[in-house]
Each structure stands twice: as C-alpha cells, then as structure tokens.
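This report concerns only the one structure given below.
Treat the numbers as computed from the prediction; the structure is a model and nothing was measured. In listed order, ligands and their atoms are each counted from 1.
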Amino acid sequence: MQTLDLFSDPISGQPEPMGPRAFLLRGFALPRVDELLPAIGSVSEAAPFRHMVTPGGFTMSVALTNCGTLGWTTDRHGYRYSRTDPASGLPWPAMPEVFSALAREAADAAGFPRFEPDACLINRYLPGARMSLHQDKNERDLDAPIVSVSLGMPAIFLFGGHQRSDKAARLELHHGDIAVWGGPDRLRYHGVLPLAEVPHPVLGSQRINFTFRKAG
Ligand code: MD6
Ligand code: FE
C-alpha cells in the first residue's frame, strides 16, 4: 500500500503529490541530461521541430517533433497519432534507449510499474511560447500514465481539474523535473503560461518538454 507524504520536501527527493495519482519528481532526470541532450539532437535532425496548425486554424507557439512508433500531430483536420512524420512521409525516429529507460524508471517511482511508452512528443518553447489548457485524450490507452520531462528554462505549469473552468494549481517546473500522472488524474486539464526569458546555463533561452505516452 502506497502512502502519500503530503508534507514532502522538494529537497528530500520524495515525490511531491499533485493529485491522488499525480506526482512531481524534482530533479529526477538530472543524472541523464548528458545523454538526453544528444538524443534530442539526433531526433530533431531526422525530424525537425516545426510549428503545427490546430483544427481551429491557429499556429502553435510551441514547436514540436516526435520519436517512437507513434507521433502526435495536428492540422486543420484534427489531432491524431501517426506512424509517419507528415513533413517527410518517413516513420518517426526510433525512441532512444535513454528515453524509454528514464520514462520507465520515473513511472515506476510514481507507482505505475511496467510502463512501456510507444510515443514521445517533444515540445520546444522559446520565450513567449505557451500551451493553453487542454486534456490529453487522443491516446487509446488511458490506463497508462503520462511521463513528462522538463529541460532548460523554467515554466509555470497549470494543473487543473476535469472541467476547463476548474481552478488550476500553478507549479514551477525546472530543468530535470519529471511529472507523472495517471489513473483518476489522467484527464485533468493542464497548460503552460507564456515562457519568461530566464536563460538556462546549458540550454540557453529555450525550454524542452517531452511527454511519454502509450498511444496505440
Ligand atoms: C509542457 N505538457 O509541460 C506541456 N501533457 O510543456 C503537457 O501538455 C503535458 O506535461 C500531459 C502530461 C504531462 C504534460
Ligand atoms: Fe498535455
């Protein structure tokens, strides 16, 4: 039986609860950053970051790419997962081993054993970029959690409820932090406030966020 320590200290390395089955693992990715950055470089060389258009006709301020069997895409016709990159017609780059290992360890640490993601969406934020409140519900397997890794500049993450109008908590996500959520928290609304420019010593004026899902 898992117990939740509601008074956990961010410095202590304990998961910080954000909900019944949502946790923030501060600094969890730090030991792997030196392997993650070149892996992101290889993925974005094969499948460059690009600004996609939403079904409503808006160009996203966040640039994205994907790796893994399935990649999340959007265009005027809707949101969906695709096996190929619409820009090249080629399969998305394979998920680097360091990605899947980290995702599995983080999911495990948050109480979701045996997580096997088949999709990884990589988002790049430059100063001013934002993500409006949304639910992640295009995945076929909503029983699997989502694992979300933040690198580079800090961001204010909004973590709301099951209605768009529910009051959202504000959490600051820093370089190396991982959020994991599933179960009753899986469909909560969330978003990111416009990014302030606070250059990061390694990544400069950008934030990279990647989210692992079981989409197929
Ligand atoms: C971001 N993240 O942190 C945007 N979605 O830049 C997400 O939209 C997200 O962090 C589902 C699960 C975790 C996330
Ligand atoms: Fe999301």
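In terms of protein heavy atoms, atom 6 (O) of ligand 1 is closest to Tyr125 OH, 2.4 Å.
With ligand atoms numbered from 1 in the order given, ligand 1 contributes 1 (C), 3 (O), 4 (C), 6 (O) to contacts under 4.0 Å with heavy atoms of Val192. Of all atoms in ligand 1, listed by their number and element, those nearer than 4.0 Å to a heavy atom of Thr211 are 9 (C), 10 (O), 13 (C), 14 (C). Within the listing of ligand 1, atoms 11 (C), 12 (C), 13 (C) sit less than 4.0 angstrom from a heavy atom of Ile146. Per-residue contacts place Arg207 under 4.0 angstrom from the following atoms of ligand 1 (heavy atoms of the residue considered): 1 (C), 3 (O), 6 (O).
Distances between N or O atoms of Asp136 and those of ligand 1 include at least one value under 3.5 Å. The shortest N/O to N/O separation between His134 and ligand 1 falls below 3.5 Å. Checked against a 3.5 angstrom limit, the closest N/O atoms of Asn123 and ligand 1 fall outside it.
Angle subtended at the Fe ion (ligand 2) by His190 NE2 and Asp136 OD1: 90°, rounded to 10 degrees.
Across Ser148, Gly182, Ser132, heavy-atom proximity to atom 14 (C) of ligand 1 is greatest for Ser148.
Other residues, nucleotides and ligands contribute only 12 or fewer heavy atoms inside 6.0 Å of the CZ atom of Arg140. Dense packing is recorded around CD of Gln135, with more than 12 heavy atoms of other residues, nucleotides or ligands lying under 6.0 Å away.
Minimum heavy-atom separation, Lys214 to Glu116: CD-O, 3.4 Å.
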